[in-house]
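Below is one structure, written out as structure tokens; the observations come after it.
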Amino acid sequence: MLCTKESVAGKEKFLLNLIDTPGHVDFSYEVIRSLSSCQGALLLVDASQGIQAQTLSTYWAAVDAGLKIIPVVTKIDLQNAMVE
């Protein structure tokens with residue numbers, strides 16, 4: 001996710017460019033290259049499936065790249081969601 005900020009008439013305005021990276025391990029090289037163009041990341045975790053191995057790999061790559069990470073838990077409304 002790239003973010004640019006400008007001030008217009010005293011109000012801050014942001015532009016977010018989102019990069020959706022594949023979660024499969026075969027694409028780990030592409031994911032790491034994508035992180036180099038980012039300033040931050042939304043880390044999406046499916047509440048019904050939990051944290052996957054590739055999620056941890058991508059998380060640590062983002063940490064190593066110095067990105068600001070915002071965790072987001074998705075699908076919390078499903079019956080089998082593990083939100084604890």
Side-chain angles (χ1 to χ4, degrees):
M1 174 174 64
L2 301 174
C3 178
T4 59
K5 180 174 86 171
E6 58 185 61
S7 182
V8 177
K11 295 183 180 182
E12 291 182 342
K13 189 175 178 182
F14 293 89
L15 171 65
L16 300 177
N17 297 307
L18 301 177
I19 301 172
D20 183 10
T21 59
H24 196 272
V25 68
D26 289 347
F27 296 100
S28 59
Y29 176 75
E30 287 83 357
V31 170
I32 291 172
R33 285 191 42 103
S34 296
L35 292 176
S36 67
S37 68
C38 298
Q39 297 171 335
L42 296 174
L43 180 66
L44 303 177
V45 176
D46 184 324
S48 65
Q49 295 183 7
I51 298 173
Q52 304 292 304
Q54 194 59 29
T55 305
L56 290 175
S57 174
T58 303
Y59 168 79
W60 287 114
V63 168
D64 290 344
L67 301 183
K68 295 178 183 174
I69 300 171
I70 300 170
V72 179
V73 180
T74 65
K75 301 182 184 177
I76 61 173
D77 58 332
L78 295 179
Q79 256 183 339
N80 59 340
M82 301 172 286
V83 293
E84 289 134 14

Residues in side chain to side chain contact (heavy atoms under 4.5 Å, CB included) contact with N80, at least two apart in sequence or another chain: S48, L78
Min side-chain heavy-atom separation I69-V63 under 4.5 Å: yes
Reported CG-to-CD distance for the pair L35 and E30, which is rounded to 0.5 angstrom: 12.0 Å
Point-to-point distance, once rounded to the nearest 0.5 Å, from CG of L44 to NZ of K75: 10.0 Å
Salt bridge (charged side-chain N to carboxylate O under 4.0 Å, His left out) contacts in which one or both residues fall within residues 47-63, not counting sequence neighbours: none
Between OG1 on residue T74 and CG on residue D46, distance to nearest 0.5 Å: 4.5 Å
Single-linkage hydrophobic cluster W60~L43, side-chain heavy atoms < 4.5 angstrom: yes
Residues in side chain to side chain donor-acceptor pair (under 3.5 Å) contact with S57, at least two apart in sequence or another chain: none
Polar side-chain atom of T58 near backbone of T55 as donor-acceptor pair, under 3.5 Å: no
Taking every non-hydrogen atom, the tightest pair across A41 and L67: CB-CD1, 4.4 Å
